[in-house]
There are 2 protein chains.
Amino acid sequence: MLMKIFDLSSRELNLLIYFAQLRANEKEISITTSQIADFFKTSQQTASRCLIRLSKELGLVSWRSTRKGSFVQLNPLGLDILHQLRFELERALYPDLNIITIHGSVFSGLGEGKYYISRSSYMDSFVKKLGFKPFHGTLNLRIPPVDVDRLDLIRGSWPVIIPGFEEGGRQYGDVLCYEVKIPSLTARVAAIVPRRSHYGSNVLELISDVNLREALNLEDGSELTINYLLNQTSEYDK
Amino acid sequence: MLMKIFDLSSRELNLLIYFAQLRANEKEISITTSQIADFFKTSQQTASRCLIRLSKELGLVSWRSTRKGSFVQLNPLGLDILHQLRFELERALYPDLNIITIHGSVFSGLGEGKYYISRSSYMDSFVKKLGFKPFHGTLNLRIPPVDVDRLDLIRGSWPVIIPGFEEGGRQYGDVLCYEVKIPSLTARVAAIVPRRSHYGSNVLELISDVNLREALNLEDGSELTINYLLNQTSEYDK
DNA sequence: ATTACTACAAGACGAGTAA
DNA sequence: TTTACTCGTCTTGTAGTAA
C-alpha cells in the first residue's frame, strides 16, 4: 500500500532521508543503532524501535540485524515517501509552478501495456476512477534525460490508484495513473507508471479515450508534449 | 536562532509545508484550527496547540487568533526550515550531486559589506570559524535567474554562523557564510548571505583571505564561477 | 461559529539489562 | 561490542467545555 508522509514521525522521515543520503536505495548499507542514535541525538533504544517500525510495521526499509550491527536498504516504498515529500516541498517553495511540461518521443513497445490495461478488472477501475473508458492500447513515450527530473516530480504526486487483482493464479499489481493534458487535444489522457516507484526511469505509457496515434497522426519517433496540472483537485487528502 | 529540521515534529513540518503551499510566506492567510485539523486528520485542539508552538515557542510563523478564526504568515525562519528540508532531500534523492556551480557577474556595491565585515567582533569570529582572516572588503556578485535556484539550495545547507553583537547601541545580526571554491584559485573563499533567509535574492558577497579583485583581475561586469562542495564535513550535525 | 483551557488517556522515550 | 526487551516516566493527543 502507498503510504503518506503524514503517517510518519519526524524521526522516521529524517531517518529515511539519512539512509538515502548514504545511498541505501542502491545497496544495503551497514549501520548500528548507536550511530543512528548519535546522529539524531536520541537513545539507542529509540533508534532501534524506529528501525523496527520502519521495516516491520511500515515496510519502508529492508533490514536485518545481527549481534554485530544492522544492515539496511531502502525499498521502493521508502523512496516513494521521499519523492512525495519532494513534490509537496516543491509546491510549497514554488507555488507559482502550476504546470509541469515534459516532452517525449513515441516508440513501439511489445504490446504489454495493451494486454494489461485490457483486463476487465482494470478497465472497470479506469472508468470508475478516471471517468473514461480507455482505448484498448497504450502509447509509449521515451522521456529525454533533461525531463526525467520533472517526470519524477509527477511521480511524487499522489496518483489515481487502479487497484491490482488476481486472475487465473496470476497477480496484477496496482497501476498508478496521473491525469495529463496534451496541448490542443480535448481528449482525456492519463499517464501510467506500470510498476510502483520506478523513479529515474525514462518511459511512460499514455492511455486515452481516443486512439492517440490516429488522433495526433503519430508514428515512431514523433515528438509529443504533455502537461501535468499541479493544482487540480488532488486525491492527496483522501 | 537558526533551527534544525530535527527539532520539529512531523506535524509541525507538514503544517509549514501546508502554509507555504497556501502562499503564507507572501501574505497573511486566513485559516481556522478546524480546517487544519481536518487536513491532518487530527483534533482541533491538537491543531491549535501546534499553531501555538510554531508561533510562540519556535517563532516560525506569525499568528494572531480571533474568535472568528486565525491569521497566519510564515516568517523567514519558517521558510528557512523548508529550504533546509529541500537541501537534505536533494542530497538524499541525488547523492551523486557533489558540487553546486553558480555563475555571477561582479558589480560594485555601496561599500556596506566592507564596513560590516571589518567590525572587529565579526573579524575575530571569521578567523575562529572559517580559519582565515578576510581581506577588508567584499566582492559583490549578481547571480543570473537560472542559477538562483541553486543559490537557494546552498542557502538551505547549514551555514557557518558568525554571531551578531551589539556595539554602540547598534545591533549587528548573525552573518551566515558558506565556504566555496573558485576554480584555479587556491585562496580560501566564503559566500556571505548578510541577512537571514533572503531566499530568491540574486546577490552574493564573497570574502577571501586575498583581494579577489586583484588576484583574479576582475572589474565590474566580469563573470565569475564559484563551486560549493556538498559533502564537505558539515556543521549540520553539530 | 471560533480558540484554547483542563483533565485524562494514549503513546513515546530512555535507563537498565538480557542475549 | 551489538540488538531489543521491560518498565517507569514524561510527553503528546483528545474529549469536554468555557469564553
Side-chain angles (χ1 to χ4, degrees), chain A residues 3-19 22 24 28-75 78 81 237, chain B residues 3-19 22 24 28-75 78 81 237:
Chain A
M3 166 156 300
K4 297 189 181 178
I5 50 181
F6 294 176
D7 304 328
L8 292 174
S9 75
S10 169
R11 188 155 295 146
E12 285 154 0
L13 217 49
N14 278 295
L15 196 50
L16 289 179
I17 293 174
Y18 182 58
F19 287 156
L22 297 173
E28 199 178 58
I29 59 162
S30 163
I31 203 162
T32 72
T33 49
S34 317
Q35 279 177 271
I36 297 171
D38 282 356
F39 187 76
F40 289 103
K41 307 214 187 325
T42 183
S43 68
Q44 172 271 326
Q45 292 86 342
T46 296
S48 169
R49 201 174 10 210
C50 198
L51 212 41
I52 292 171
R53 199 174 113 87
L54 277 179
S55 76
K56 293 192 180 161
E57 201 173 320
L58 305 172
L60 302 179
V61 301
S62 307
W63 163 69
R64 58 195 178 85
S65 70
T66 71
R67 293 287 164 81
K68 300 235 168 192
S70 293
F71 298 88
V72 172
Q73 181 161 16
L74 240 69
N75 66 29
I81 290 286
D237 37 345
Chain B
M3 166 156 302
K4 297 189 182 179
I5 50 180
F6 295 175
D7 303 328
L8 292 174
S9 75
S10 169
R11 187 154 297 146
E12 286 155 359
L13 215 51
N14 278 296
L15 196 50
L16 290 179
I17 293 174
Y18 182 57
F19 287 155
L22 297 173
E28 198 178 59
I29 59 161
S30 162
I31 202 160
T32 71
T33 49
S34 316
Q35 279 177 271
I36 297 172
D38 282 356
F39 188 76
F40 289 103
K41 308 217 186 326
T42 183
S43 67
Q44 172 271 327
Q45 293 86 342
T46 297
S48 170
R49 193 169 28 195
C50 199
L51 212 41
I52 292 170
R53 199 174 115 88
L54 277 179
S55 76
K56 293 192 179 159
E57 200 170 323
L58 304 173
L60 303 178
V61 300
S62 308
W63 164 68
R64 59 196 179 85
S65 70
T66 72
R67 293 288 164 82
K68 301 234 167 192
S70 294
F71 298 88
V72 172
Q73 182 161 13
L74 240 69
N75 68 28
I81 290 285
D237 37 345

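Residue numbers start from 1 in every chain, and the chains themselves are labelled A, B, ... in the order their sequence lines are given, proteins ahead of strands.
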Revision key, fill the gap. In this structure, CZ of B:Arg11 is separated from CZ of A:Phe6 (nearest 0.5 Å) by 9.5 Å
Which part of the nucleic acid, if any, lies within contact of [X], taking any heavy atom under 4.0 Å across all strands shown: a base, the sugar-phosphate backbone alone, or nothing?
{"X": "A:Ser70", "result": "sugar-phosphate"}
{"X": "B:Arg11", "result": "sugar-phosphate"}
{"X": "A:Ser65", "result": "sugar-phosphate"}
{"X": "B:Thr32", "result": "sugar-phosphate"}

Side-chain N or O of [X] less than 4.0 angstrom from OP1 or OP2 on [N]?
{"X": "B:Ser43", "N": "D:dA15", "answer": "no"}
{"X": "A:Thr46", "N": "C:dG14", "answer": "yes"}
{"X": "A:Thr33", "N": "D:dT3", "answer": "yes"}

Check your understanding: Given D:dA19, C:dA4, D:dT14, which nucleotide is nearest the side-chain atoms of B:Arg49?
Key -> D:dT14
Check your understanding: Considering only side-chain heavy atoms of B:Gln45, which listed nucleotide, D:dA4, D:dT14, C:dA19, is closest?
Key -> D:dT14
Check your understanding: Given side chains that start at C-beta, do those of A:Phe19 and A:Leu51 come closer than 4.5 Å, heavy atoms only?
Key -> yes
Exercise for review: Using side-chain contact (heavy atoms from CB on, under 4.5 Å) as the criterion, point out the one residue from B:Leu54, B:Val72, B:Leu8 that pairs with B:Leu15.
Suggested key: B:Leu54
**Study point:** N/O donor-acceptor pair, side chain B:Gln44 with base D:dG13, under 3.5 angstrom
**Key:** no
